[in-house]
Amino acid sequence: MTTIQRAKGMQDVLPADRRYWDLVIDTAVTLAQRYGFQRIDLPILEYTELYHRGVGDASDFFVKKETYEVEESEGVSLTLRPEFTAGFMRAYIQNGMASWPQPVKLYTIGPAFRRERQQAGRYRQHSQFNCEILGEIDPAADLEVMLLAMNLYRELGYKGLTFQLNSTGCPTCKPVYVDALKTYLTDYLPNLAPIDQERLRRNPLRILDSKEPGMDELLANAPHIIDYLCDDCEDHFNELRGLLDDLDQSYTINFRLVRGIDYYTKTVFEVWAEGIGAQAAVCGGGRYDGLAESIGGPATPGVGFGSGIERIILGLQEAGIEPPTIPEPEILVAHFGGVTKTVAVQLTFRLRSAGIGARLAFARERRSLKSQMREANKHNIKTVLILGEEEVAQGLVVVRPLDGDEQHSIPLDEVVSLLKK
RNA sequence: GCGGGUGUAGCGUAGCGGUUAACGCGUCUGGUUGUGGCCCAGAAGACCGUGGGUUCAAAUCCCACCACUCGCCCCA
């Protein structure tokens, strides 16, 4: 019989790695709260329709079936969330958040699912930290989510961080730009790699982040979207840049930065860091003023970002950043079976009731003290409480420090108060 | 879906045609009667990813498949 393995693309987070998760999550939560964001938890399953309409069914991840779908009942399909933004907007509309004080600033942390081949830091189940500001068109809101993202990586100790910034326009100006880009590229059609020729037909914007050789030169003279923005989008972009400049926050205008889904408008940004295989981006975000309407709600602007926690952790590990270890009990209660075991069990639970972390030495039969001492050593125990037959008979317990200090006996009923200090 | 890499005990590796597959770490037990870390001794633990083939003989050569992994596609 074959042993059952972990499902493809899934990860076990072992105790030794948990401290990385705690560090990232603690830092993210602290920061989000400091910026005035409130936590929301959204369902992992949503009606498939949400993503089809929110993200657009033409998106590759539907065409290629890169989502996990389950049939809820005849004709009703649910999808394991592949992203968070659509769910945020759905929740905003459904819970009437439009009548909360505006804007509504929310964050969440949880798993998302993508049915694709895994590579470094990209798993089929991954966890994401997302922050969104809903109901606000002020470019300062864009600034706020950008800085929150940047500060997260800074606080975690990342180096070599940069903002990549671009605007993707809006339904008014974006099509004009796409046409201009198409026209430009069509002249170079024979020079394009087959995959880029394909992109030119299906999704011309994607050519901009093509990794084919020679594209850097070819695209250098391509039209930039910045020059095609409508007044509204241009004002928005310039104001955001002005705010960044006022803060002396550097950024790189990256005209090749694009988003794969339709709901993005105006601001798109990424934070780049060194390392992590082929991927430089440690987070991606942007504005999505068209999303609410596409899922049947009233026009509602929004801006936010998402960041994969596994990938953040990979970066931390590559940079050699050591999170604090998770504390273990400092007390081990040792015994020799029989009555001493009974007393040991009682003492252990008394300690815990008093708020003192304690580990009970398990032993079906009488177990050598050496073995129990070794156990203590492996778990970085500071003090072993030894319940020997003689001590128990006299109502005593041996307090045995592991740091080299002398051991001594004290009355059993004084242990808790002694250790509380 | 496409391409590269890798598959030997829990982990990291050696062995690359020839008797009972080796080493380090880890685990467990012991080193006299109730005391850790170091040291020493011992034990458990691998049908050498799976299936076929070549050969007197295969972990070692060949083929297929599978898994893992990195990258492409895509990136929500």
Side-chain angles (χ1 to χ4, degrees), chain A residues 2-11 14 16 46 50-52 54-67 79-88 112-124 126 128 130 193-196 198-199 202-203 206 209-212 257-264 268 270 276-279 281 283-286 288 291 304-306 308 311 314 332 334-337 340 361 366-392 398-404 406-407 409:
Chain A
T2 48
T3 322
I4 296 174
Q5 305 291 303
R6 186 194 308 127
K8 190 190 285 287
M10 305 294 153
Q11 296 285 296
L14 302 179
E46 295 271 5
L50 174 68
Y51 300 111
H52 277 260
V55 178
D57 354 39
S59 291
D60 265 30
F61 71 19
F62 288 120
V63 176
K64 291 184 172 176
K65 302 198 189 329
E66 290 186 344
T67 52
T79 290
L80 236 38
R81 66 183 172 204
E83 59 116 27
F84 284 81
T85 309
F88 269 101
F113 301 83
R114 304 172 174 187
R115 194 166 170 169
E116 62 184 3
R117 286 286 283 267
Q118 76 172 44
Q119 45 182 301
R122 293 181 69 175
Y123 306 108
R124 291 186 159 189
H126 62 108
Q128 217 166 298
N130 262 69
I195 184 164
D196 285 328
E198 169 70 14
R199 284 183 175 122
R202 280 182 42 230
N203 194 350
R206 284 248 82 100
D209 62 1
S210 169
K211 287 163 189 145
E212 296 299 319
L257 181 62
V258 291
R259 286 276 97 104
I261 31 180
D262 297 338
Y263 61 60
Y264 280 103
V268 293
E270 290 181 351
I276 320 173
Q279 294 115 38
C283 95
Y288 42 91
L291 173 59
F305 75 91
R311 200 184 291 188
L314 258 182
L332 177 96
H335 63 269
F336 297 95
T340 66
R366 182 186 177 95
R367 180 172 159 204
S368 76
L369 186 54
K370 177 198 284 284
S371 159
Q372 299 183 63
M373 292 298 289
R374 278 181 170 158
E375 174 179 343
N377 191 247
K378 276 165 202 143
H379 290 279
N380 295 312
I381 294 291
K382 298 223 163 42
T383 308
V384 179
L385 301 178
I386 306 168
L387 292 158
E389 283 94 349
E390 286 174 29
E391 287 80 9
V392 167
V398 173
V399 178
R400 166 68 154 89
L402 291 195
D403 59 2
E406 284 291 302
Q407 69 179 40
S409 298

*Look through every strand shown and name the nucleotide pairing with B:C61 as Watson-Crick or G-U wobble, where both distances are under 3.5 Å.*
B:G53
_P atoms of B:C68 and B:G52, separation to the nearest Å_ = 23 Å
*Taking NZ, NE, NH1 and NH2 as the nitrogens, is one of them in A:Arg199 or A:Glu212 under 4.0 Å from a carboxylate oxygen of the other?*
no
*Please report, rounded to the nearest Å, how far the P atom of B:G37 is from the CG atom of A:Leu332.*
14 Å
*Counting only side-chain N and O atoms of A:Arg374, is one of them less than 4.0 Å from OP1 or OP2 of B:U27?*
no
*asked:* B:C73, OP1 or OP2 - any side-chain N/O from A:Arg199 closer than 4.0 Å?
replied: yes
*Between A:Glu198 and A:Arg206, does at least one N-O distance fall below 4.0 Å, as a salt bridge requires?*
no
*Just compare B:G34, B:G36, B:C74 and give me whichever is closest to any side-chain atom of A:Lys370.*
B:G36
*B:G37 to B:C25 separation - P atoms, rounded to the nearest Å*: 15 Å
*Does B:C72 have OP1 or OP2 sitting under 4.0 Å from an N or O in the side chain of A:Gln119?*
yes
*Taking atom P in both B:C62 and B:C16, what distance in whole Å separates the two?*
15 Å
_Nearest-nucleotide pick for A:Lys211, side chain only, options being B:C28, B:G37, B:C75_ = B:C75
*Report the nucleotide, chosen from B:C75, B:G36, B:G34, that has the shortest atom-to-atom distance to any side-chain atom of A:Glu391.*
B:G34
*Taking atom C1' in both B:G53 and B:U19, compute the distance separating them and give it to the nearest angstrom.*
25 Å
*C1'-based separation of B:U32 from B:G26 [nearest Å]*: 28 Å
*Examine B:C70: is either OP1 or OP2 under 4.0 Å from a nitrogen or oxygen in the side chain of A:Gln118? Give yes or no.*
yes
*Counting only side-chain N and O atoms of A:Arg400, is one of them less than 4.0 Å from OP1 or OP2 of B:G34?*
no
*asked:* So, does A:Ser368 get its side chain near the phosphate of B:G30, meaning an N or O under 4.0 Å from OP1 or OP2?
replied: yes
*Say you pick atom C1' in B:G45 and the same atom in B:C11; how far apart are they, in whole Å?*
13 Å
*C1' atom, B:C23 versus B:A57: distance in rounded Å?*
26 Å
*Within the pair A:Ser371 and B:U29, is there a side-chain N or O less than 4.0 Å away from OP1 or OP2?*
yes
*Using the P atom in both, what is the distance from B:U6 to B:G15, to the nearest Å?*
15 Å
